[in-house]
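Following: one structure in structure tokens, then a few remarks.
Lettering follows sequence order; numbering is per chain, from 1.
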Number of protein chains: 2
Amino acid sequence: MTEFRTTAPTSGAPTLSAQEGDDAASGGLRARKIAQAKLAVEHAAFTIALERGYEHATVDAICEAADISQRTFFNYFGSKDGVFLGRGPAQITDTDAREFVESPGPLLGDLMAVISRTIVDHEHDADLFAMRQKLAKRSPEFAKALVSTMNSVEESHVALIRERFAAQHRQGDEKDLDDEARMAVSLAIGAMRFVFRRAFDSKTERIRRETLDRAIDLVNRVTTS
Amino acid sequence: MTEFRTTAPTSGAPTLSAQEGDDAASGGLRARKIAQAKLAVEHAAFTIALERGYEHATVDAICEAADISQRTFFNYFGSKDGVFLGRGPAQITDTDAREFVESPGPLLGDLMAVISRTIVDHEHDADLFAMRQKLAKRSPEFAKALVSTMNSVEESHVALIRERFAAQHRQGDEKDLDDEARMAVSLAIGAMRFVFRRAFDSKTERIRRETLDRAIDLVNRVTTS
DNA sequence: CTGCAAGATTGCAGAACCTGCAAGTATTCC
DNA sequence: GGAATACTTGCAGGTTCTGCAATCTTGCAG
């Protein structure tokens, strides 16, 4: 067995190297080379995992395919899971944030939309995105781990909700508002687990607007019974 | 780093041995010895983890303290996480199940109550329960893993909800009802994550009725805004 | 109570993930 | 061009976990 460590590998973040988004053609020669090497490793990782299955894709094999040392692999990604899970949810854009804060709509639905956007639309490399999706469909364990990266949005989204409350001039005890915000995030994350499960089961590639709308509808139905 | 593999170690279930609930004084000499040995291992594990921290509690150390071989350890518990996470949520009792199915109350609240009961009240050994609680408070990583064991109730609880729907003579498309049930479980689990987080942060030992009631109140507030 | 069969434990070898450290190599900057 | 800096690598070692074969214990039948 020993399938998949769903939790954050907790091995800390990658150690050194150009940390923040080495987005290809930024900076000097060095930075470019590193970005390119990382991309090569990621491609190798998914290619091998799609061939042999997640658990049989050893980091030794990945390193050999990408032509780097194992040590460098761990410098880059911190752990085996690191390559596969990617950088986690993206930061929310300012416009999305503003829209959310000022929306008059139902809190849970808006939240789900926001989460959906931070999770889905942020892989710079389309190939990688597709392969990750494919792997998630093929390996339930991996899917589970992928879904659980969602939990990392909690803190930032609680803050967002607090802003929204402020915009609505809601008053009340600090602690009450905070609790309410936290519960909202917890519920939204729960609902999104459902959405992603669906997405990984279905044949379609992307999460579609319909799926999200249906989920919001289900939430409404459930919370009123 | 390398703190905690939150996901199921996925290493399969323990291999051999008297599998099902070796509840101490059941069966012959052999079964009793095994139950006793397992308990000793569990105690050793938590004692050491509370002394040195979860990640520094090596299974070697645990085995030495409990006086068994490492190999036997893995036969018993399947993985390091196995000892600490325990057997996971208990099976729901028939009376609880019936009560849930026939309750006229709000679905989400009832569900949360049910989950709370399957999670909390099933450790045969009070010491172990207390130590697990203490460790969860001390190690956020462990707490996370513990909370995520909740996910395993999904399947059984979906079935429960379907029964409840049937008892209420709800009709509709099979698939719709199933989706609704799944969403309900997802939301309830989300809400319970909140509850457990709270429980592990606070000073109090047990999850109190108040905490649950407050959580249900929060859910209502959130779902109506 | 003796001895056999089934079941449990153990040691060993080894795979796989991951870390610290020191030495080597490449880039950058002056 | 050469020093300073940053990255890569190899190596040794730690930890979790598995398969296998040998050994020991228990349960049981005669």
Side-chain angles (χ1 to χ4, degrees), chain A residues 1-5 7-19 22 27-38 40-41 45 48-49 52-64 66-85, chain B residues 1-19 22 27-38 40-41 45 48-49 52-64 66-85 145:
Chain A
M1 307 299 121
T2 259
E3 297 248 332
F4 199 101
R5 282 88 174 161
T7 205
T10 352
S11 63
T15 342
L16 21 111
S17 279
Q19 224 69 287
D22 10 42
L29 169 67
R30 189 180 222 130
R32 253 178 294 130
K33 268 195 174 176
I34 289 177
Q36 188 184 327
K38 283 191 183 179
V41 176
I48 293 178
R52 319 185 186 172
Y54 179 87
E55 51 184 339
H56 295 114
T58 67
V59 348
D60 271 346
I62 295 168
C63 291
E64 194 179 352
D67 202 44
I68 58 163
S69 72
Q70 202 194 57
R71 200 61 190 74
T72 298
F73 175 96
F74 286 109
N75 284 342
Y76 280 174
F77 302 103
S79 71
K80 178 180 170 180
D81 294 0
V83 221
F84 289 101
L85 297 181
Chain B
M1 303 300 122
T2 262
E3 298 245 330
F4 199 101
R5 283 90 173 157
T6 157
T7 205
T10 353
S11 63
T15 340
L16 19 110
S17 278
Q19 224 71 287
D22 10 41
L29 169 67
R30 193 183 211 117
R32 253 177 295 129
K33 269 196 173 176
I34 289 176
Q36 188 183 328
K38 284 190 183 180
V41 176
I48 292 178
R52 318 184 186 173
Y54 179 87
E55 51 184 339
H56 296 114
T58 67
V59 347
D60 271 346
I62 296 169
C63 291
E64 194 178 352
D67 204 44
I68 59 164
S69 73
Q70 202 195 56
R71 200 62 189 75
T72 298
F73 175 94
F74 285 110
N75 285 342
Y76 281 173
F77 301 101
S79 70
K80 177 179 171 181
D81 293 0
V83 222
F84 289 102
L85 297 181

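The two residues B:Ala57 and B:Lys80 have their closest heavy-atom pair at O-NZ, 3.0 Å.
Taking only side-chain atoms of B:Asn75, from C-beta outward, the nucleotide of D:dT8, C:dT9, D:dT15 with the closest atom is C:dT9. Counting only heavy atoms from C-beta on, B:Thr72 has its side chain closest to C:dT10 among C:dC18, D:dC17, C:dT10. When distances are taken from the side chain of B:Arg71 to each of D:dC17, D:dT9, C:dG11, the shortest belongs to C:dG11. For B:Arg30, whose side chain is taken as the heavy atoms from C-beta onward, the closest listed nucleotide among C:dC17, D:dT25, D:dT9 is D:dT25.
One can place CD of A:Gln70 at 13 Å from C1' of D:dA12, the figure rounded to the nearest angstrom. As rounded to whole Å, 14 Å separates atom C1' of C:dG14 from atom CZ of B:Phe74. Regarding A:Tyr76, its OH atom lies at a distance of 9 Å from the P atom of D:dC7, rounded to whole Å. Between the P atom of D:dA6 and the CD1 atom of A:Ile34 lies a distance of 11 Å, rounded to the nearest Å. When rounded to the nearest whole Å, the span between NE2 of B:His56 and P of C:dT19 equals 12 Å. We find that CZ of B:Phe77 is positioned 18 Å from C1' of D:dT18, with the value rounded to whole Å. Atom-to-atom, CG of A:Asp81 to P of C:dC17 comes out at 10 Å; the value is rounded to the nearest Å. To the nearest angstrom, C1' of C:dT10 lies 12 Å from CG of B:Asp67.
With contacts defined as side-chain heavy-atom distances shorter than 4.5 Å, the pair B:Tyr54/B:Asp81 qualifies. Considering only heavy atoms from C-beta on, B:Phe84 comes within 4.5 Å of B:Ile62 through its side chain. Between A:Lys38 and A:Ile34 there is a side-chain heavy-atom pair separated by less than 4.5 Å.
Along DNA chain D, the nucleotide closest to B:Asp60 and the one closest to A:Ser69 are compared, and the more 5′ of them pairs with A:Ser69.
Within the 4.0 Å cut-off from OP1 or OP2 of C:dT27, at least one side-chain nitrogen or oxygen of A:Lys33 is found.
Pair check for D:dG30 finds C:dC1; Watson-Crick or G-U wobble, both atom distances under 3.5 Å.
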(message) Let's go through B:Val83 and B:Tyr76 carefully: what are the C-alpha distance in whole Å and the side-chain angles of both, what is the deciding distance for side-chain contact (heavy atoms from CB on, under 4.5 Å) to 0.1 Å, and is it a yes or a no?
(response) CA-CA 9 Å; B:Val83 222; B:Tyr76 281 173; over 6 Å; no

